[in-house]
There are 2 protein chains.
Amino acid sequence: MISQKAKYALKAVMALARSDAGQLAISQIAEDENIPKKFLEQILLDLKYHGIVASRRGKAGGYALCKSPEEITFGEILRIVDGPVAPLACLSRIAYRRCADCTDEADCEVRRVFASVAEATRAILDGTSISASLRPREKKIGSLLAG
Amino acid sequence: MISQKAKYALKAVMALARSDAGQLAISQIAEDENIPKKFLEQILLDLKYHGIVASRRGKAGGYALCKSPEEITFGEILRIVDGPVAPLACLSRIAYRRCADCTDEADCEVRRVFASVAEATRAILDGTSISASLRPREKKIGSLLAG
DNA sequence: TTAATCTCTATCGAACCGGTAGAGTATGCC
DNA sequence: GGCATACTCTACCGGTTCGATAGAGATTAA
């Protein structure tokens, strides 16, 4: 299960990727995506610290993506918000931790099975960019048709 | 991340599958697999309620598998102990819950990406039985060679 | 100067996690 | 019968995480 926070983060980043001006205020995103505003503030700040988004303060302020949506993957966002993308700590690449109950890691059947789960999951999450998963919203389709 | 509890459950079931007599006492499993005994009690009781194992009380008591190891999958154990095998509640088959923040589920990009993660994960976990992942331990290899 | 915006730190209740405690009950064996 | 060895059941507990909420502060445009 991914956290609510991670889901909000993904939605927010996608909203930025979709926006015409490339910039949106927190309250705009919060409203559009049904995310509690104060919670979203924290999330975006976190994404900013990790170089995913940039911010501008003041009256015409807001958030924008730092890189193109093609370069941002689901895996990247998830690791920032939820931590390791691994079903077991002993399978994490960024936060490996030995299991206290395993005498021999190489001999652990559980680990072997979950290693393939991890591999499959990573293939998808690190292989899917924000833009790849994006598709226009109804409103936007409307404006495209009109334009 | 799967819980420690689920990992213990899998290890315990595998220990039973591996055992010669087909039956083991809680304390035996706890010792062999480095699992806190009182915690393991709860786990096995839970597995018993779900028809995975059966118990016998008293002096010659212990736990045994209810079905053959070929019929028990990783997914089955995980669902009992950790709940749904799904990255999002809106993708769970056994415990579906609508997301409060989604106006249209069919239009949710996050959901679409994680649907494929769920599919890949289930393919592995529901396709791998306890016996399939099993392999003899050193001790057992020794006794096989000796016998 | 004012209004809108991001920034930062603190706090909070509820749930979950990983376990521990202990009294109770069944069974086998002498 | 009595005892040792199991499983059974309920309760509890400290710590952490989750999903927020609160509010004061800093920055900027107009």
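We name chains A, B, ... by the order of the sequence lines, and we start the count at 1 in each one.
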* Say whether, by atom type as modelled, one donor and one acceptor occur between the side chain of Q23(B) and the main chain of G61(B) under 3.5 angstrom. => yes
To the nearest angstrom, the NZ-P distance between K37(A) and dG23(D) comes to 14 Å
Between P36(B) and D82(B), whichever has its closest DNA chain C nucleotide further toward 5' is D82(B)
In whole angstroms, the gap separating P of dC9(D) from CZ of F39(B) amounts to 18 Å
Between L40(A) and G58(A), the residue closer to the 5' end of DNA chain D by nearest nucleotide is L40(A)
task: Flag the pair Y8(B) / V81(B) as yes when at least one side-chain heavy-atom distance between them is below 4.5 Å, and no otherwise.
output: no
Among the nucleotides dA20(D), dC7(D), dC9(D), whichever has the atom closest to the side chain of R57(B) is dC7(D)
Assert: residue with more 5' nearest nucleotide on DNA chain D, out of E41(A) and A60(B), is A60(B)
- Do R111(A) side-chain atoms and L91(A) backbone N/O form a donor-acceptor pair below 3.5 Å? no
Atom NZ of K38(B) and atom P of dA11(D) are separated, to the nearest Å, by 15 Å
- Begin with the C-alpha distance, continue with both residues' side-chain angles, and end with the deciding distance and a verdict on side chain to side chain donor-acceptor pair (under 3.5 Å) for K37(B) and S27(B). CA-CA 6 Å; K37(B) 188 188 159 191; S27(B) 30; 4.8 Å; no
Residues in residues 42-53 of chain B with a heavy atom under 4.0 Å of DNA chain D, by number, are Q42(B), L45(B), K48(B), Y49(B)
| message | Within the supplied structure, the quantity of interest is the number of heavy atoms (other residues, nucleotides, ligands) at a distance under 6.0 Å from E70(B) CD; does it exceed 12? | response | yes
Q28(B) CD to dA6(D) P, in whole Å, measures 9 Å
Exercise for review: Let me see the working for E33(B) and K7(B) under salt bridge (Lys or Arg N to Asp or Glu O under 4.0 Å), right down to the final yes or no.
Suggested key: CA-CA 11 Å; E33(B) 307 292 336; K7(B) 200 179 151 203; over 6 Å; no
Quick note, A25(B) side chain, CB onward, closest among dC9(D), dA6(D), dT21(D) is dA6(D)
With five pairs defining each end axis, the helix from dT1(C)-dA30(D) to dC30(C)-dG1(D) comes out bent, to 10°, by 10°
Considering only heavy side-chain atoms of K59(B), the closest of dG23(D), dT5(D), dA20(D) is dT5(D)
Could you tell me if D32(B) and Q28(B) have a donor-acceptor pair between their side chains, going purely by distance under 3.5 Å?
yes
Notebook entry, point to check: If we only count heavy atoms from C-beta on, is the R93(A) to R122(A) side-chain gap below 4.5 Å?
Noted result: yes
Between M1(B) and P84(A) the two heavy atoms that sit nearest each other are CE-CG, 3.8 Å
When rounded to whole Å, the CE to P distance for the pair M1(B) and dT17(D) reads 11 Å
Minimal heavy-atom distance between F74(B) and V110(A), with the atoms involved, is CE2-CA, 4.3 Å
To the nearest angstrom, the CZ-P distance between R97(B) and dG19(D) comes to 11 Å
Contact span of DNA chain C against chain B, any nucleotide atom under 4.0 Å from a heavy atom, 5' to 3', runs dG18(C) to dG28(C)
### Message
For a quick check under 3.5 Å, do E71(B) and S68(B) share a side-chain donor-acceptor pair by atom type?
### Response
yes
| Are R18(B) and E109(A) within salt-bridge range, i.e. N to O under 4.0 Å? | yes
